[in-house]
Amino acid sequence: MGYDARLDKIKEECGVFGVFDNDGHDVARLTYYGLYALQHRGQESCGIAVNDNGTILYHKDMGLVPEVFDDVVLNHLKGKIAIGHVRYSTTGASHRENAQPMVVKYRNGQLALAHNGNLVNAAELRAKMEEIGAIFQSTNDTEVVANLISRYRVMSENIEDTLVKVIKEIKGSYAFVILTPHKLIGMRDPYGIRPLCIGRLDNSYVLSSESAALDAIGAELVRDVNPGEIVVISEEGLKSIQTETPGRSCLCIFEFVYFARPDSVIDNVSVHKARVEAGRILAREHPVDADIVIGAPDGGLNAALGFARESGIPYGQGLLKNKYIGRTFIQPEQGQRETGVRIKFNVMRSEIEGKRVVMVDDSIVRGTTTKRIVQMLKKAGAKEVHMRVSSPPYRYPCFFGIDTASRKQLVASNYSIDDIRKMIGADSLEYLSLEGLLKTPVGAKCGFCTACFDGKYPYEVPHEGNKFSCGGGEK
Ligand code: AMP
């Protein structure tokens with residue numbers, strides 16, 4: 001697949017959840033609440049599959065979790081084990097057939113899979129299988145993995161051995177939850193790029209992309225699934241299979257910067273604390289004389305708090321975000337774009353009028369939202385707007401599950417910091433250094449993928465001046 005086609009392919013920016021019940025819980029409802037708590041990880045489609053005595057029942061569709069599921073559907077999804085998925089995808093790949101979990105029938109019965117991440121060799125694996133006659137119904141990576149499982153299962157004693165073989169074939173980022181007739185399985189890629197954790201609810205086990213979803217159902221966080229680990233939950237309890245790893249991990253640093261919920265804990269580090277720390281370091285690296293610190297909701301709020309605490313400049317709420325803008329928000333026509341931003345955000349004039357404002361955001365990707373917010377602040381009477389970004393310039397596209405389009409659309413890839421400052425109309429613009437960012441997940445034991453900031457991808461990617469190896473704090 002050529003470079004451009006590759007960039008247009010689906011990027012699985014998603015959330016996964018799973019429950020193995022030993023207490024008589026309603027697994028479909030627990031998964032529904034779990035997915036509700038993971039909605040920020042994907043708003044395009046969602047689905048739940050349950051295992052009813054070896055038969056897999058499922059429901060999935062385009063839309064938000066409360067739009068896709070109601071009591072009637074959930075009452076129908078009875079079983080002992082469940083998995084669920086929320087999915088986000090880039091434009092062009094928005095089809096119902098790509099909604100997950102993917103449910104397949106093969107020689108050994110039924111299987112349901114849900115995936116967060118992106119495989120970099122899926123096209124290659126798919127082409128090889130197509131050459132020998134395989135048929136695919138969707139364009140997503142998950143179907144490639146389902147096919148591999150089916151093939152390797154023929155040569156293996158059990159599903160565990162099969163997955164050990166599959167892990168050796170697939171390259172890229174993945175946090176999988178898999179439902180077999182009798183087991184719930186979690187599987188994380190050897191670099192641990194996307195997060196996955198294990199929770200406990202009474203005597204039952206839960207798997208989730210983020211710990212905040214465990215809190216939502218009253219489950220306790222046990223631990224993260226390790227990079228390259230396969231956890232198999234069955235009547236016999238939890239079994240761990242540790243497969244070979246490259247010896248260093250590369251958790252996506254952007255989970256800490258923007259993607260994960262601030263109330264989640266990843267690798268024993270609170271996402272909120274890491275963001276506050278980013279704001280503190282940013283204030284030390286790039287101080288400024290100002291009257292108020294505000295955050296761009298919601299991503300910039302925690303870092304703004306850290307900036308205010310470190311600098312001593314009062315923290316205020318300068319921007320309000322409409323919480324009810326969903327997928328169904330009708331985008332204003334070209335030329336009415338201002339209306340779109342005004343509906344999404346409004347300025348608290350009384351907080352910022354006549355003041356020198358520090359506005360903190362977690363990242364600038366394309367620069368379009370930032371520009372409009374700066375304009376709104378100035379229009380509402382801000383004397384000066386000093387933009388502070390709690391991560392380094394976002395210069396390289398992600399091939400591992402964060403949707404940031406191509407390099408052409410990344411403003412920091414094409415313009416200098418001063419040009420960006422002029423474009424967004426700010427009085428000053430400064431970014432957190434990569435060194436500073438890597439200090440923010442205090443106590444983290446893992447290393448980080450920082451490819452979006454330094455271009456050092458953990459796997460070979462097409463035409464991006466790949467420097468291989470993880471950039472961030474190799475651990
Ligand atoms: P912009 O100025 O248009 O680049 O928008 C910047 C805003 O986009 C920031 O507030 C970020 O929180 C947010 N953002 C960062 N990454 C993503 C992403 N992958 N998807 C959607 N929004 C994002």
Side-chain angles (χ1 to χ4, degrees), residues 7 10-15 39-44 86-91 93-94 116-118 173 193-194 252-262 271-272 274-275 278-279 282 294-304 307 318-322 325-327 329 331 337-338 340-341 344-345 359-377 385 387-415 417 419-426 429 431-432 437 449-453:
L7 285 173
I10 308 156
K11 305 208 177 102
E12 302 287 345
E13 191 173 358
C14 308
Q39 188 79 80
H40 62 290
R41 298 185 72 89
Q43 296 95 42
E44 190 187 81
V86 285
R87 175 168 189 271
Y88 175 95
S89 87
T90 48
T91 44
S94 149
N116 169 213
N118 193 46
S173 64
I193 300 173
R194 302 257 75 91
C252 166
I253 193 85
F254 214 63
E255 291 279 350
F256 278 103
V257 171
Y258 165 79
F259 204 45
R261 276 174 58 151
V271 174
H272 166 75
R275 289 181 189 165
L282 183 60
I294 65 167
D298 294 315
L301 298 179
N302 313 76
F307 195 105
L319 286 163
L320 206 69
K321 187 175 176 185
N322 187 327
I325 302 243
R327 187 185 57 91
F329 176 66
Q331 291 295 337
R337 286 270 163 86
E338 288 303 312
V341 177
K344 280 186 189 164
F345 297 103
M359 181 168 76
V360 182
D361 203 352
D362 61 88
S363 55
I364 298 179
V365 182
R366 291 176 172 85
T368 42
T369 315
T370 310
K371 179 179 172 182
R372 294 199 185 107
I373 292 178
V374 173
Q375 280 169 353
M376 285 171 80
L377 290 169
V385 177
M387 183 76 201
R388 293 291 180 273
V389 184
S390 58
S391 64
Y394 200 121
R395 293 206 168 101
Y396 303 88
C398 178
F399 292 87
F400 300 97
I402 301 283
D403 164 34
T404 42
S406 71
R407 209 161 159 168
K408 275 180 273 179
Q409 289 162 293
L410 299 173
V411 72
S413 195
N414 298 292
Y415 298 95
I417 294 179
D419 285 342
I420 302 171
R421 181 193 67 75
K422 286 183 197 136
M423 281 159 69
I424 63 172
L429 165 66
Y431 290 82
L432 182 65
L437 178 63
C449 175
T450 50
C452 50
F453 304 124

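Remember, it's 1-based here, ligands and their atoms both numbered in the order they're listed.
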Note to self: Is there a side-chain contact between Lys371 and Arg366 in this structure, where contact means two heavy atoms from C-beta onward sitting under 4.5 Å apart?
What the structure shows: no
Next item on the list: For residues Cys252 and Ile402, determine if any side-chain heavy atom of one lies less than 4.5 Å from a side-chain heavy atom of the other.
Entry: yes
Could you tell me which atoms of ligand 1, counted from 1 in the order shown, lie closer than 4.0 angstrom to a heavy atom of [X]?
{"X": "Gly367", "value": "1 (P), 2 (O), 3 (O), 4 (O)"}
{"X": "Thr369", "value": "1 (P), 2 (O), 3 (O), 5 (O)"}
{"X": "Thr368", "value": "1 (P), 2 (O), 3 (O)"}
{"X": "Phe254", "value": "16 (N)"}
{"X": "Ile402", "value": "19 (N)"}

Next item on the list: For ligand 1, indicate whether the residue Val365 contacts it via side chain, backbone, both or neither (heavy-atom separation under 4.0 Å).
Entry: both
Note to self: Can you tell me which portion of Ala296 lies within the under-4.0 Å heavy-atom range of ligand 1? Options are side chain, backbone, both, or neither.
What the structure shows: neither
Check: Who passes salt bridge (Lys or Arg N to Asp or Glu O under 4.0 Å) against Lys321, sequence neighbours left out?
Finding: none
Next item on the list: Look at the rings of Phe254 and Phe453 and say which category their plane angle falls in: under 30° parallel, 30 to 60° tilted, over 60° perpendicular.
Entry: tilted
Margin query: Any nitrogen or oxygen of Gly299 lying under 3.5 Å from a nitrogen or oxygen in ligand 1? Just yes or no.
Written below: no
Checklist line | side-chain contact (heavy atoms from CB on, under 4.5 Å) involving Asp361 - partner list, sequence neighbours excluded | finding: Ala296, Met387
Note to self: Looking at every heavy atom in both Tyr88 and Arg41, which two are closest together, and how far apart are they?
What the structure shows: CB-O, 3.9 Å
